[in-house]
Number of protein chains: 2
Amino acid sequence: MLARSSTVSADFPGIFTDSKPRSSAPIRIFLNEFSYKKGTEIFGEKEPADYVYQVVTGAVRSYKLLSDGRRQIGAFHLAGDIFGLEIGSDHRFTAEAIVDTTVRLMKRRSLELVAESDVTVARNLLNMTTSNLRHAEDHMLLLGRKTSLERVAAFLIEMDRRSTAAGVLALPMCRRDIADYLGLTLETVSRALSRLHDLDILGFVGNTQRQIVLRDREKLASFDLQN
Amino acid sequence: MLARSSTVSADFPGIFTDSKPRSSAPIRIFLNEFSYKKGTEIFGEKEPADYVYQVVTGAVRSYKLLSDGRRQIGAFHLAGDIFGLEIGSDHRFTAEAIVDTTVRLMKRRSLELVAESDVTVARNLLNMTTSNLRHAEDHMLLLGRKTSLERVAAFLIEMDRRSTAAGVLALPMCRRDIADYLGLTLETVSRALSRLHDLDILGFVGNTQRQIVLRDREKLASFDLQN
DNA sequence: CGGGGGCTTGAGGCCACTCAACGATAGTGG
DNA sequence: CCACTATCGTTGAGTGGCCTCAAGCCCCCG
């Protein structure tokens, strides 16, 4: 039970920022921190959505499965991101910790109650849903019409944009995750990365293949067509 | 200027239904009907989103283009559907009439004003955005992971579900539109339909290839894997 | 009747997938 | 400390599903 005394807005900025100072009596919303080991499930598709989550540290993948095991990752959630926000009663994705992850969670019901009275919170709920929608729309274009090289380039640019640290891109997810996000196989992702490496567009840091430095953002961007 | 005297809810059911009876003085919202000839643009991507649209008769496609002309259709809008609803200031898709189409339109600004005061309208905005999001999420799975036959089967099932008339599916869009919706080529779509025809799962009505009768919904559904 | 758009079908090619081998790294336990 | 194993990533060879290119049919329409 954290944040008893802190303002809510400091803890769930995506939902509460831009809110005018609220009534002197602070709204009490339960905020618990919770940790998940690498690879464990945070919630499953079609489970009731009782909580909304925010990544504190770590990374999360949200995905859907076909009955034969094919997987489509809809989004990666990094530090600060809010996920599991559903308007309907059930989750539409399964969420798993990619690495050891701690999240902050709040009762969805509490959020709804606040949204009832606070117009700003309600609008921010709409804004977050909209930004999820925008991402999904852009991703449809990628999945439906882009080549493997274009997809990988777009992925690197997206991760670079979202990354806090300038310079080195530290990818928390494995090649298979990237592949399932981009609608490819892990081998194709690996080949695309190798090709970008051969073209001196990116470099690997040390011996790990999860830390990438973008040597030529401009050339990289030329592979990610505008729309 | 229609609907001067009618209630708003009757005209924009997607936004206003489930609303409790509002104040005795009806809210005045401009409602114009407008017609577009087959193939003409209703609005373009990145244009300011001043209006929200509802299909009265006809059909509309919403799509994004890559700079080299590759196209991804994000959604088809049929009679009754609301489209062009943006939270940001600009449209994120281009919308075109697939056939001769009449739409009803309202000033977005008016809608926002109503949403400010009427919580139910605000919630319905959120619900509509959410249902767009759900569709996009499902479509990502289709585009990223399904085979051509699965995609076409899913498309037929979706159109059948949305179609008002039971029995015959009257598709307003051409094969190229279907292909750009499913991330395929028109030839692949045609081959998939032929294959379903050969399997006695569907039939064509008369000499036209746009009217389809589903002979065996169960077998069709078996091609569209659950997730 | 000629022309064009929409659709189907065939033949061939290519990009991404499949299958496989291999190296590197990290974690485990002797 | 060193096998031992499992996981992750890269790379190569070959396949296959969808794309490309092309021909031809049908229907509509001027």
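Residue numbering restarts at 1 for every chain, and letters A, B, ... go by the order of the sequence lines.
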Item checked: Cationic N near anionic O, under 4.0 Å, A:R92 to B:D138 -> no
Checklist line | Atom-pair distance (CG on B:D180; P on C:dG6), nearest Å | finding: 13 Å
Check: Whole-Å distance between D:dC8 P and A:R176 CZ?
Finding: 9 Å
Margin query: Taking any heavy-atom pair under 4.0 Å as a contact, classify A:G206: base, sugar-phosphate, or nothing.
Written below: nothing
Check: Separation of A:K38 atom NZ from C:dG27 atom C1', in whole Å?
Finding: 11 Å
Note to self: Check the orientation of B:Y181 and B:F76. Use parallel for under 30°, tilted for 30 to 60°, and perpendicular for over 60°.
What the structure shows: tilted
Notebook entry, point to check: When you match B:S148 and A:M173 each to their closest nucleotide on DNA chain D, which lands nearer the 5' end?
Noted result: A:M173
Next item on the list: Please work out which of the three classes, parallel, tilted or perpendicular, describes the rings of A:Y36 and A:F34, given edges at 30° and 60°.
Entry: tilted
Next item on the list: Could you state the atom-to-atom distance from CZ of B:R210 to P of C:dG6 in whole Å?
Entry: 7 Å
Next item on the list: Tell me which nucleotide among C:dT25, C:dC17, D:dG9 gets nearest to the side chain of A:N207.
Entry: C:dT25
Next item on the list: Taking only the side-chain heavy atoms of A:F204 (C-beta and beyond), determine which of D:dC18, D:dT10, D:dT20 contains the nearest atom.
Entry: D:dT10
Notebook entry, point to check: B:H91 vs B:F43 aromatic rings, parallel, tilted or perpendicular, using cut-offs 30° and 60°?
Noted result: parallel
Next item on the list: Give a yes/no answer on whether the side chain of B:T185 brings an N or O atom under 4.0 Å of OP1 or OP2 in D:dT20.
Entry: no
Next item on the list: From the options C:dT9, D:dC18, D:dT11, select the nucleotide whose nearest atom is closest to the side chain of B:T188.
Entry: D:dC18
Note to self: Could you check whether the side chain of A:R191 and the base of D:dG12 have a donor-acceptor pair of N or O atoms closer than 3.5 Å, going by distance alone?
What the structure shows: yes
Notebook entry, point to check: How long is the line joining CD1 of A:I212 and P of D:dC8, in whole Å?
Noted result: 16 Å
Check: Hey, does A:G39 reach any base, or is it just sugar-phosphate, or nothing, if we go heavy atoms under 4.0 Å?
Finding: nothing
Next item on the list: Please report, rounded to the nearest Å, how far the P atom of D:dT11 is from the CG atom of A:L196.
Entry: 12 Å
Next item on the list: Could you tell me which non-hydrogen atom of A:Y53 sits nearest to which non-hydrogen atom of A:G84, and how far apart they are?
Entry: CD1-CA, 4.5 Å
Check: Base, sugar-phosphate, or nothing for A:T147, non-hydrogen atoms under 4.0 angstrom?
Finding: sugar-phosphate
Note to self: Rounding to an integer number of Å, can you tell me how far B:L182 CG sits from D:dC18 P?
What the structure shows: 12 Å
Next item on the list: Run through A:R71, A:Q72, A:K64, A:R175 and flag the one making a side-chain hydrogen bond (donor to acceptor under 3.5 Å, both in side chains) with A:D180.
Entry: A:R71
Margin query: By nearest heavy atom, map A:T208 and B:C174 onto DNA chain C; which one lands nearer the 5' end?
Written below: B:C174
Notebook entry, point to check: Within the modelled atom types, does a donor on one side and an acceptor on the other bring the side chain of B:R175 and the base of C:dG5 under 3.5 Å apart?
Noted result: no
Check: NA contact type, B:L186, heavy-atom cut-off 4.0 Å: base, sugar-phosphate, or nothing?
Finding: base
Checklist line | base_contact_polar (D:dC21 base, B:E187 side chain, donor-acceptor, <3.5 Å) | finding: yes
Next item on the list: Whole angstrom is fine here: how far is it from NZ in A:K146 over to P in C:dC15?
Entry: 19 Å
